[in-house]
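Structure record follows, encoded as structure tokens.
Residue numbers count from 1 along this sequence.
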Amino acid sequence: MVSKRRGRGERSILASIGLHAGLLAAVAVSLFPVVWLVLTSLKPRDSWLSAELQFFNDSSLDNYSRVLTGTAFPQWLLNSALTAGLSTVLGVFLSASAGYAMSRFRFPGHRSVMWLLLVTQMFPVAILIVPLYNLMAALGLLNQIPGLVIAYMTIAVPFCAWMMKSYFDSVPVEIDQAGMVDGLTPYGVFWRVVLPLARPGVAVTAFYCFITAWGEVGYATVFMSQQDKRTLGVGLQQFVGQHWSDWGLMTASAVLIAIPAGAVFLLVQRHLITGLTAGATKA
């Protein structure tokens, strides 16, 4: 019997089984921490120490009730929402404006500005905390949400401006010229013509700015020392002491924190791949 010869790109049955088994294992490994987090948040206090794998016994929403009613979590959530919202709006505006200017105009210091934005990405957050703290203290912006937003702009805007420039470079200049022929000003061309075409890049910029502000801890810990000014990343540290940890509160808070981030991701997911690819590959 003559065995049928496989064509190029075709896999054997054993290869297909191994591939699917590997994918299923990767999915299981990825989902296990999330599932364990959710199940732990539904268990009574200290039940996670039990060796019995009784996941659904004694499950309740008591941890969520304690977080929302017995702690300052709602205030932390409000502070984080305001900070992340302002950071997203301001970050998108500054990044898109700077990216469009670097893409379309050649002004004195053009190359220096581009290099400056690139060099700022080389410094870790820990190095910038001290000079930013002194600057915020001199301006009276400590324990103020606008001060924290400005600090987050130093992280998000340089990277996003470079990415937006790369995306605007992919939009033909003839579109700008056609808009000006129709009577639009340069700002009108940017706002009404070019920016809608750069929607994937804007979506990636908004997502990056939001995540930067939503999950950041270093700046928030230093700049927000007052109890009523803390954000989620700083507030959750109260659930962990030197010799104790309240994992019920920690896991319930982590689930609640992940919901807004997941919602933002679902809103922009169809633009993320296009925007990231354009920003990473086009010069």
Cluster link [X] to [Y], ILVMFWY, side chain under 4.5 Å:
{"X": "V194", "Y": "M180", "value": "yes"}
{"X": "W191", "Y": "F105", "value": "yes"}
{"X": "F210", "Y": "V217", "value": "no"}
{"X": "I145", "Y": "L94", "value": "yes"}
{"X": "V173", "Y": "Y167", "value": "no"}

Using distance alone, with no hydrogens and no angle criterion, decide if N79 and T231 have a side-chain donor and acceptor under 3.5 Å apart.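 Side chains of N79 and T231: no pair found under 3.5 Å.
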Sole residue of C160, S112, P158 in side-chain contact (heavy atoms from CB on, under 4.5 Å) with L117: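 Testing each of C160, S112, P158 against L117, the sole residue satisfying side-chain contact (heavy atoms from CB on, under 4.5 Å) is P158.
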For salt bridge (Lys or Arg N to Asp or Glu O under 4.0 Å), just list the numbers for D62 and R66, CA-CA rounded to whole Å, side-chain angles, deciding distance to a tenth of an Å, and then say yes or no. CA-CA 6 Å; D62 290 344; R66 287 198 298 143; over 6 Å; no
CZ (R111) with more than 12 external heavy atoms under 6.0 Å: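 No.
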Take atom CZ in F107; do more than 12 heavy atoms of anything else shown fall under 6.0 Å from it?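 Enclosed.
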What's the separation between atom [atom1] in [X] and atom [atom2] in [Y], rounded to the nearest 0.5 Å?
{"X": "N143", "Y": "Q226", "atom1": "CG", "atom2": "CD", "answer": "4.0 Å"}
{"X": "S41", "Y": "W36", "atom1": "OG", "atom2": "CH2", "answer": "12.5 Å"}
{"X": "M153", "Y": "L148", "atom1": "CE", "atom2": "CG", "answer": "9.5 Å"}
{"X": "M164", "Y": "L195", "atom1": "CE", "atom2": "CG", "answer": "6.5 Å"}
{"X": "T83", "Y": "L78", "atom1": "OG1", "atom2": "CG", "answer": "9.0 Å"}
{"X": "L236", "Y": "W76", "atom1": "CG", "atom2": "CH2", "answer": "6.5 Å"}

For the residue pair [X] and [Y], what are the closest heavy atoms and their distance?
{"X": "A252", "Y": "Y64", "answer": "O-CE2, 3.6 Å"}
{"X": "S103", "Y": "D169", "answer": "OG-OD1, 2.6 Å"}
{"X": "M102", "Y": "H110", "answer": "O-NE2, 2.9 Å"}
{"X": "D228", "Y": "Q75", "answer": "O-NE2, 3.6 Å"}
{"X": "A206", "Y": "T88", "answer": "O-CG2, 3.7 Å"}
{"X": "A72", "Y": "Q227", "answer": "CB-NE2, 3.9 Å"}

Any side-chain heavy-atom pair from [X] and [Y] closer than 4.5 angstrom?
{"X": "T251", "Y": "K43", "value": "no"}
{"X": "L42", "Y": "N63", "value": "no"}
{"X": "D176", "Y": "Y100", "value": "yes"}

[X]: what forms a side chain to side chain contact (heavy atoms under 4.5 Å, CB included) with it, not counting sequence neighbours?
{"X": "V240", "value": "S245, M250"}
{"X": "A156", "value": "Y208, C209"}
{"X": "P146", "value": "Q144"}
{"X": "F93", "value": "S97"}

Take T71 and Q238 through the side chain to side chain contact (heavy atoms under 4.5 Å, CB included) test and state the conclusion after the steps. CA-CA 10 Å; T71 68; Q238 295 187 2; over 6 Å; no
Yes or no on side chain to side chain contact (heavy atoms under 4.5 Å, CB included) for M224 and V234, after CA distance, side-chain angles and deciding distance? CA-CA 8 Å; M224 297 298 201; V234 182; 5.5 Å; no
Tell me which pairs pass side-chain hydrogen bond (donor to acceptor under 3.5 Å, both in side chains) where either residue lies in residues 148-157, with sequence neighbours left out.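 Found Y152-E216.
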Given the rule in the side chain to side chain contact (heavy atoms under 4.5 Å, CB included) test, do I257 and L77 qualify, once you have shown the distances and angles that lead to the verdict? CA-CA 8 Å; I257 292 172; L77 181 63; 6.0 Å; no
Is there a donor-acceptor pair under 3.5 Å between the side chain of [X] and the backbone N or O of [Y]?
{"X": "S166", "Y": "W162", "result": "yes"}
{"X": "S65", "Y": "L61", "result": "no"}
{"X": "H20", "Y": "S16", "result": "yes"}

Partner residues of R230 under the salt bridge (charged side-chain N to carboxylate O under 4.0 Å, His left out) criterion, sequence neighbours left out: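 For R230 there are no salt bridge (charged side-chain N to carboxylate O under 4.0 Å, His left out) partners, ignoring immediate neighbours.
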Could you walk me through whether F73 and L232 pass the side chain to side chain contact (heavy atoms under 4.5 Å, CB included) test, one step at a time? CA-CA 7 Å; F73 183 88; L232 290 169; 3.5 Å; yes
Mind telling me whether Y133 and F223 have parallel, tilted or perpendicular rings, with 30° and 60° as the class edges?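 Ring orientation of F223 relative to Y133: parallel.
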